[in-house]
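Residue numbers start at 1 and run along the sequence shown. Counting convention: from 1, in listed order, for ligands and their atoms alike. It should be emphasised that the depicted structure is a prediction, and the values quoted were computed from it without experimental measurement.
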Amino acid sequence: MANAVAEGAKSGAGVEVELAYYIEPDSLVDFDAILVGAPTYYHEMPIEVKKLFEEAAAKGVSLKGKIGAAFGSYGWSGEAPKLVLEIMKNKFEMVSIEPPLLMKYTPDQNSLNACRNLGKRVSESLIHKV
Ligand SMILES: Cc1cc2nc3c(=O)[nH]c(=O)nc-3n(C[C@H](O)[C@H](O)[C@H](O)COP(=O)(O)O)c2cc1C
């Protein structure tokens, strides 16, 4: 899913994309848009994602006005991407791209196209913001 989102985001002229499994909370300020992939486990986002936001908040990292998007695979309830987007919007005052993108279990080609579209929407929002 992340690869397809990144692919879609790269389609915007002049948009640079960095795909990372891990990022230091301080480094989040270096980006104009942050897209988080979060599968749902036990009705929650993964602990690594939670820690990233907790540490960014504790350090006073400002993400205000940056574009935020969330996506993730799920089995039956799919809370994680919704929670991620909620934190981006309410805690960090980011501009959220709604709705979060949820895919049941392993994404098929249609689902991957939806991921590409999400990436594209984010890059278009960035281009219009400049
Ligand atoms: C231990 C465990 C707990 C899970 N808990 C949830 C859950 O609370 N809600 C949900 O929608 N899916 C749940 N799932 C399903 C996963 O979200 C689903 O398998 C998803 O595709 C995993 O994505 P990943 O392979 O990228 O980690 C759970 C799966 C496992 C193995």
Side-chain angles (χ1 to χ4, degrees):
M1 287 182 77
N3 279 321
V5 171
E7 201 184 298
K10 277 179 202 159
S11 66
V15 175
E16 285 175 39
V17 179
E18 196 173 313
L19 183 59
Y21 184 76
Y22 176 80
I23 184 165
E24 289 289 340
D26 298 302
S27 305
L28 290 171
V29 292
D30 299 337
F31 299 89
D32 298 314
I34 300 162
L35 298 89
V36 173
T40 302
Y41 283 88
Y42 302 108
H43 302 280
E44 268 288 359
M45 67 183 84
I47 188 72
E48 294 85 354
V49 179
K50 205 178 215 184
K51 262 182 84 178
L52 173 67
F53 286 126
E54 267 179 20
E55 287 173 15
K59 290 180 161 193
V61 173
S62 172
L63 306 178
K64 190 171 178 174
K66 293 183 188 294
I67 291 171
F71 59 92
S73 171
Y74 75 106
W76 50 91
S77 56
E79 287 90 343
K82 299 175 205 163
L83 292 169
V84 166
L85 210 57
E86 208 177 279
I87 286 165
M88 286 175 155
K89 199 165 43 178
N90 298 319
K91 170 64 195 162
F92 290 98
E93 299 178 80
M94 295 173 73
V95 179
S96 60
I97 302 289
E98 306 278 354
L101 183 62
L102 288 133
M103 295 293 154
K104 205 157 186 178
Y105 292 115
T106 307
D108 58 14
Q109 276 310 316
N110 279 344
S111 307
L112 291 175
N113 279 337
C115 293
R116 289 185 192 98
N117 283 339
L118 175 68
K120 213 169 153 199
R121 262 183 80 195
V122 170
S123 71
E124 279 164 5
S125 314
L126 277 176
I127 292 163
H128 291 136
K129 220 177 149 199
V130 175

| message | Among all protein heavy atoms in this structure, tell me which lies nearest to atom 8 (O) of ligand 1, with the distance rounded to 0.1 Å. | response | His43 N, 2.7 Å
| field | Ligand-side contact atoms (ligand 1) for residue partner Tyr42, heavy atom cut-off under 4.0 Å | value | 1 (C), 3 (C), 4 (C), 5 (N), 6 (C), 7 (C), 8 (O)
| query | So which protein heavy atom does atom 23 (O) of ligand 1 come closest to, and at what separation? | reply | Pro39 CB, 3.4 Å
| request: For Ser111 and Asp108, test the side chains for any donor-to-acceptor distance below 3.5 angstrom and give the result as yes or no. | output: yes
| message | Just to confirm my output: which protein heavy-atom neighbour is closest to atom 15 (C) of ligand 1, and how far is it? | response | Gly75 N, 3.7 Å
| field | Heavy-atom donor-acceptor pair, Thr40 side chain to Ala80 backbone, under 3.5 Å | value | yes
| Residue portion contacting ligand 1 (non-hydrogen atoms closer than 4.0 Å) for Ser73 | both
| query | How close does the nearest protein non-hydrogen atom get to atom 11 (O) of ligand 1, and which residue and atom is it? | reply | Ser77 N, 2.6 Å
| Checking side chain to side chain contact (heavy atoms under 4.5 Å, CB included) against Ile67, which of Leu35, Val122, Ile34 comes through? | Val122
| field | Residue and atom name of the nearest protein heavy atom (relative to atom 13 (C) of ligand 1), distance in Å to one decimal | value | Thr40 O, 3.1 Å
| Trace of the ring pair (Phe, Tyr, Trp, His ring centres under 6.0 Å) decision for Phe92 with Phe53 | CA-CA 9 Å; Phe92 290 98; Phe53 286 126; 5.7 Å; yes
| Test of proximity, Tyr105 against ligand 1: N or O pairs below 3.5 Å | no
| task | Please could you name the atoms of ligand 1 that Gly78 approaches to less than 4.0 Å, counting only its heavy atoms? | result | 10 (C), 11 (O)
| task | Flag the pair Asp32 and Lys66 as a salt bridge only when some basic side-chain nitrogen lies within less than 4.0 angstrom of an acidic carboxylate oxygen. | result | no
| task | Provide, to 0.1 Å, the distance between atom 6 (C) of ligand 1 and the closest protein heavy atom, together with that atom's residue and name. | result | Trp76 CZ2, 3.2 Å
| request: May I ask you to check whether over 12 heavy atoms, not counting those of Tyr21, lie within 6.0 Å of atom OH? | output: no
| task | Flag Tyr41 as yes when one of its N or O atoms lies below 3.5 Å from any N or O atom of ligand 1, and as no otherwise. | result | yes
| request: Determine the sole option in Met103, Glu79, His43, Lys104 for which the side chain to side chain contact (heavy atoms under 4.5 Å, CB included) test with Tyr74 is passed. | output: Lys104
| said: Tell me whether Glu98 at atom CD has more than 12 heavy atoms from other residues, nucleotides or ligands lying less than 6.0 Å away. | reply: yes
